[in-house]
Number of protein chains: 2
Amino acid sequence: MTSAAEIPDTETVPEEPSGGGEPARVAGGIPEATVARLPVYLRALYTLAERGANTVSSDELAACAGVNSAKLRKDLSHLGSYGIRGVGYDVEYLVYQVSRALGLTQNWSVVIVGAGNLGRALANYGGFLTRGFQISAILDSDPSLVGRPIGPVTVRHVTELESVITSNSVAIGVIATPAGTAQVVCDRLVAAGVTSILNFAPLVLNVPDGVDVRKVDLSIELQILAFHAQRRFAERFGQESDSAAEA
Amino acid sequence: MTSAAEIPDTETVPEEPSGGGEPARVAGGIPEATVARLPVYLRALYTLAERGANTVSSDELAACAGVNSAKLRKDLSHLGSYGIRGVGYDVEYLVYQVSRALGLTQNWSVVIVGAGNLGRALANYGGFLTRGFQISAILDSDPSLVGRPIGPVTVRHVTELESVITSNSVAIGVIATPAGTAQVVCDRLVAAGVTSILNFAPLVLNVPDGVDVRKVDLSIELQILAFHAQRRFAERFGQESDSAAEA
DNA sequence: CGTTGTTTGTGAACGAATGCACAAAGTGCT
DNA sequence: AGCACTTTGTGCATTCGTTCACAAACAACG
Ligand SMILES: NC(=O)c1ccc[n+]([C@@H]2O[C@H](COP(=O)([O-])OP(=O)(O)OC[C@H]3O[C@@H](n4cnc5c(N)ncnc54)[C@H](O)[C@@H]3O)[C@@H](O)[C@H]2O)c1
Ligand SMILES: NC(=O)c1ccc[n+]([C@@H]2O[C@H](COP(=O)([O-])OP(=O)(O)OC[C@H]3O[C@@H](n4cnc5c(N)ncnc54)[C@H](O)[C@@H]3O)[C@@H](O)[C@H]2O)c1
């Protein structure tokens, strides 16, 4: 079934001491900018696979992913040499290789802290499960929310944070509490052994070395959009960048 | 009251033809990486202001924002020369200047398309209003949701999209629909004149030149976290990066 | 007014990321 | 087999971003 078995299994993980003028072999052997794009490629590959494609060229895949094809090829070359010249990439095999590179061949347990508007939306969302992320629990400090079923789990009290993490081998914590309590929650997650944190609260979290924090800040995204929108307007009309057009 | 009035109003917006080895004067005169950090600085400044600080040094502000102080100073230098050597920056004045640079001195009307889990969480969120973003409407195609009050507005049918945009001068659209309908929604937003889009649907949107799309993809964030987590585990134990520790 | 101490703003070196352009490596047809 | 054609993988130039380190600018104080 898996045509992957028929692909030459040259497990040539790039391991040469040094390339030359390359980004100096970032941790894990893959540049950070590439890592950030791999999930996009993966999604494009799944879409192509559903559409029945067996192979795909770098041009096609790049178009699906919204990037330059040279960039795509260079990104994939960091995982190994999995393409066939003159043909392209085997979709199924590339899905496997990208998944493996990202660490998606194993299941990851996730705990969500904060069962407010956002936490509930996250827990209700089915899209995480599909890619190897399993929600182990959702916690809140509000007693009136405890016991309430949300998606695949029911809300538990935040005092159970440490026990939930250790008994479920949780590696990823999601913070969806107000900013005021986010640092405390973060500290507890870290103390309990969580080393990967996704933060929705609008503040800069302090964590020790070895802990990886990514933030999702919708307010910041809107402000960046506003900047460019302002720039476009200033360009189009006079360049009076101030005190004009108060809505 | 505003000590800003007592600050020398040297409106020296950097306008020299070319710096030298500098990032070649990105559109708007401010490098993209800097724009992405300005909102973080702004938030740190508000926090400091609430704490009663009148002035702040680049070291302090950088610490609050979680960045290098040299980077902070270079970022701020793109807005103008608003610091006082030997003292630091006037907090209130810097808030004003950063806000102005970001285009936050005017109000921005936002429309949310999709009143599902995520759209409702967004509309309920008060944090947008506080920084000059006003939710004009939330739209959905599901008739059973129309009329339902969410936060400051009530759900309206998506057929009203065009009229809502034109009558409210909406410049920013938020897409919170399933991936299957996101491109269609996007096309309609663009056709109606929206040039800034915040996309939550997991797909790459196609837009014409002149339209600015930013995406928020939680699934991608988790996958990036998984990559680094895997790397840490592989480092700690043997470097068998495959078929190990199935949860 | 000069001296001391502090902090900004920036030149310059370094490092990371992008995109071009092409040789190398493959397919498929005759 | 030989040839034409396609597509990968990558060397290289360029652009963009970060960080160091320091001169210039300002305050404070005697
Ligand atoms: N909702 C949005 O669209 C949105 C947008 C941008 C940012 N955010 C941020 O995301 C976070 C959550 O937003 P929200 O709208 O869900 O807020 P919310 O107020 O609806 O929910 C917060 C929840 O966290 C719980 N909580 C408080 N302290 C806790 C603690 N110590 N331990 C466990 N739970 C605790 C509260 O009981 C509450 O249920 C906030 O920081 C907010 O600023 C939300
Ligand atoms: N909820 C999350 O935590 C989460 C996380 C990551 C990504 N996302 C993405 O965000 C999007 C929304 O997620 P959700 O959980 O709110 O989904 P949802 O299914 O709860 O809500 C989607 C809403 O969009 C409406 N809709 C469908 N087609 C429409 C159209 N053409 N015009 C207007 N409205 C339309 C539906 O009626 C529904 O109310 C999805 O693309 C999802 O993949 C959500």
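Lettering of chains follows the sequences in order, A, B, ..., and the numbering in each one begins at 1.
Atom pair A:Glu60:CD and D:dT6:P shows a separation of 14 Å (rounding to whole Å applied). In this structure, B:Ile30 places its CD1 atom 12 Å from P of D:dG17, rounding to the nearest Å. Regarding B:Leu79, its CG atom lies at a distance of 10 Å from the P atom of C:dG9, rounded to whole Å. In this entry the distance linking OH of A:Tyr82 with P of D:dT8 reads 16 Å, nearest Å. Rounded to whole Å, the distance from NE2 on B:His78 to C1' on D:dC16 is 11 Å. Rounded to an integer number of Å, the gap from A:Gln97 CD to D:dT8 P is 16 Å. Spacing between atom CG of B:Asp59 and atom P of C:dT6 amounts to 12 Å, rounded to whole angstrom units. The interatomic distance linking A:Leu72 (CG) with D:dT7 (P) rounds to 14 Å, in whole Å.
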> Going through the checks in order, is the side-chain contact (heavy atoms from CB on, under 4.5 Å) test met by B:Ile220 and A:Arg43?
Replying inline: CA-CA 9 Å; B:Ile220 286 181; A:Arg43 207 170 54 205; 4.0 Å; yes
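Closest approach to the B:Lys74 side chain among C:dA17, C:dA12, C:dG19 is made by C:dA12 (side chain taken as heavy atoms from C-beta onward). Here the nucleotide nearest the side chain of B:Ala70, chosen from D:dA21, C:dA17, D:dA27, is D:dA21. Taking the side chain of B:Arg73 as heavy atoms from C-beta on, and the options D:dG9, C:dT18, C:dT8, the nearest nucleotide is C:dT8.
Sequence order on DNA chain C of the closest nucleotides to A:Arg37 and B:Gly88 puts B:Gly88 first from the 5' end.
Judged by distance alone, the side chains of B:Arg100 and B:Thr105 never bring a donor and an acceptor atom under 3.5 Å apart. Between the side chains of B:Asp59 and B:Ser69, at least one donor-acceptor pair of N or O atoms lies under 3.5 Å.
B:Ser99 places a side-chain N or O within 3.5 Å of a backbone atom of B:Val95 that can act as its donor or acceptor partner. The closest donor-acceptor contact from the side chain of A:Arg37 to the backbone of A:Glu32 lies at 3.5 Å or more, if one exists at all.
Under 4.0 angstrom from either OP1 or OP2 of D:dA28 there lies no side-chain N or O belonging to B:Arg85. Residue A:Ser57 places none of its side-chain N or O atoms closer than 4.0 Å to OP1 or OP2 of D:dT7. Remark: B:Ser58 is not in phosphate contact with C:dT7, judged by side-chain N or O atoms under 4.0 Å from OP1 or OP2. The phosphate of D:dC20 (OP1 or OP2) has a side-chain N or O of B:Asn68 nearer than 4.0 angstrom.
Counting distance only, with no hydrogens placed and no angle test, the side-chain atoms of B:Lys71 and the base atoms of D:dG17 include no donor-acceptor pair under 3.5 Å.
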